[in-house]
Amino acid sequence: MTVTLREVAVWARDYAFAARMHVRSAIDVRPPRLRGMPGARVHVILIPGVVERWPFMEPLAKRMIAAGHAVHFLPELDRHTVPVREAAVIVGAAVDRVAAAHPHAQIVLVGHSKGGLSGKRLLIDRASEPTAPQPAGLVALAPPFAGSSRARLLVRVPAIRELDPSDERLLALAAERGADRRIRVVLPRLDPHIPDNAFPEGVAGVRLRASGHFRPLATREAARAVLAAIDELAPAPHDQDDPARADRS
């Protein structure tokens, strides 16, 4: 498998950021402290990627709070090494907790990498439970919706195996299209972990100018894209009644 010099440079910067997050995850065992305003109109549930603990999502969470949203981490997901379907159950429990505590809020899932898969799984599962709390949608940052060819290099690692493009579970999830209109995708220009990343057919999204798989979690550009997607999925009441906004969407 060919790796370009440009990818090597992106990879080096990416892993420098990831290494800092992993070190912090290992030495800081305190629970998440960021929450935002309890009365916020939108409550965001942050789903980290595979082998990532909740601190990976903290830089993005700070920008969510600055924009007026409340945020909820998933420390119970630990390093997100469980299969997507099991992770979706954990996400669903968080949705239920937030909906019970904030019944008038809109809930949006924001998932990084594999977190996007788990978020999509939850959206699909909840569609068959109309009486259960329903998230307004999912913003997926650098998601491997079609898998990653690089995952084949680590196919013996159970946490990575599900990201192999030929994995039956991944293919089945990709074939389920009922939640597509409630998903927005934010893709890096170059993603060394998902070299062929692309927008799934029928799913709206934007491509960043910046590259990297992990570093976008801490960039202003990616945060702006995620916030814009949240606004689309959970518009304010006056935006829902605005014909001009409807014409733009």
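Both Leu138 and Phe199 belong to a single network of hydrophobic side chains, linked directly or stepwise wherever heavy atoms of I, L, V, M, F, W or Y lie under 4.5 Å apart. Both Leu60 and Phe214 are assigned to one and the same hydrophobic cluster, defined by single-linkage of ILVMFWY side chains at heavy-atom distances under 4.5 Å. Clustering ILVMFWY residues whenever any of their side-chain heavy atoms sit less than 4.5 angstrom apart, transitively, puts Val186 in the very cluster that holds Val44. Side-chain heavy atoms closer than 4.5 Å link hydrophobic residues (I, L, V, M, F, W, Y) into clusters, and following such links, even through other members, never connects Ile194 to Val84.
From Glu58, atom CD reaches atom CD1 of Ile65 across 8.5 Å, with rounding to the nearest 0.5 Å. Between the CG atom of Asp14 and the CZ atom of Arg215 there is a distance of 7.0 Å, given to the nearest 0.5 Å. The CG atom of Leu187 lies 11.0 Å from the NE2 atom of His213; values are rounded to the nearest 0.5 Å. Here the straight-line distance linking atom CG of Asp191 with atom OG of Ser113 works out to 7.5 Å at 0.5 Å rounding. Taking CG of Leu46 as the start and CG of Leu34 as the end, the distance is 9.5 Å to the nearest 0.5 Å. Here the CZ atom belonging to Arg41 is positioned 5.5 Å from the CD atom belonging to Gln106, to the nearest 0.5 angstrom.
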- Task: Walk me through it: do Asp96 and Arg126 pass the test salt bridge (Lys or Arg N to Asp or Glu O under 4.0 Å)?
- Result: CA-CA 11 Å; Asp96 293 342; Arg126 280 296 163 98; 3.0 Å; yes
- Step by step, would you call Arg207 with Asn197 a side chain to side chain contact (heavy atoms under 4.5 Å, CB included)? CA-CA 10 Å; Arg207 189 175 291 277; Asn197 66 345; 3.4 Å; yes
- Met57 and Met21: side chain to side chain contact (heavy atoms under 4.5 Å, CB included), yes or no, with the steps? CA-CA 9 Å; Met57 306 299 290; Met21 291 294 102; over 6 Å; no
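Between Leu173 and Ile124 the shortest side-chain heavy-atom distance falls below 4.5 Å. Side-chain contact between Glu52 and Lys114: absent, with no pair of heavy atoms (C-beta onward) separated by less than 4.5 Å. A 4.5 Å side-chain heavy-atom check between Arg224 and Arg63 finds every atom pair outside the cut-off. Using a 4.5 Å cut-off on side-chain heavy atoms (C-beta onward), Arg121 and Glu86 make no contact. Side-chain atoms of Leu208 and Pro216, non-hydrogen and from C-beta on, do get closer than 4.5 Å to each other. Side chains of Leu117 and Leu163 form a contact here, defined as non-hydrogen atoms less than 4.5 Å apart. The closest side-chain heavy-atom distance from Phe145 to Val185 is below 4.5 Å. Looking at Met64 and Val226, their side chains come closer than 4.5 Å, going by heavy atoms from C-beta outward.
At most 12 non-hydrogen atoms from other residues, nucleotides or ligands lie less than 6.0 angstrom from CZ of Arg181. Heavy-atom contacts from other residues, nucleotides or ligands closer than 6.0 Å to CZ of Arg35 number 12 or fewer. Other residues, nucleotides and ligands place no more than 12 heavy atoms under 6.0 Å from the CZ atom of Arg209. Annotation for Glu129: atom CD counts as buried by contact number, over 12 foreign heavy atoms lying within 6.0 Å.
Here the shortest heavy-atom pairing between Leu122 and Pro135 reads CD1-CG, 3.8 Å. Between Ala229 and Arg184, the shortest heavy-atom distance links the atoms CB-CB, 3.7 Å. Taking each heavy atom of Asp180 and Gly202 in turn, the nearest pair found is CB-O, 4.1 Å. Across all their heavy atoms, Pro103 and Ala100 have their closest contact at CD-O, 3.9 Å. His80 and Ser118 get closest at one heavy-atom pair: NE2-OG, 2.9 Å. For the residue pair Val108 and Ala234, the shortest heavy atom distance occurs at CG2-CB, 3.9 Å.
Here Arg169 pairs with Pro83, Arg161, Glu162, Asp167 under the side-chain contact (heavy atoms from CB on, under 4.5 Å) rule; sequence neighbours left out. Contacts of Val10 classified as side-chain contact (heavy atoms from CB on, under 4.5 Å), with partners at least two apart in sequence or in another chain: Arg13, Leu190, Pro192, Ser211.
In this structure, His193 has its ring center closer than 6.0 angstrom to the ring center of Tyr15.
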N/O donor to acceptor pairs below 3.5 angstrom from side-chain atoms of residues 69-76, sequence neighbours left out:
{"unit_1": "His72", "atom_1": "NE2", "unit_2": "His43", "atom_2": "ND1", "d": "2.8"}
{"unit_1": "Glu76", "atom_1": "OE2", "unit_2": "Arg97", "atom_2": "NH2", "d": "2.7"}

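Relative ring orientation between Phe17 and Phe56 is described as perpendicular, the plane-to-plane angle rising above 60° on a 0-90° scale split at 30° and 60°.
Remark: of the listed residues Leu217, Ile47, Val110, Leu217 is the sole one forming a side chain to side chain contact (heavy atoms under 4.5 Å, CB included) with Leu141.
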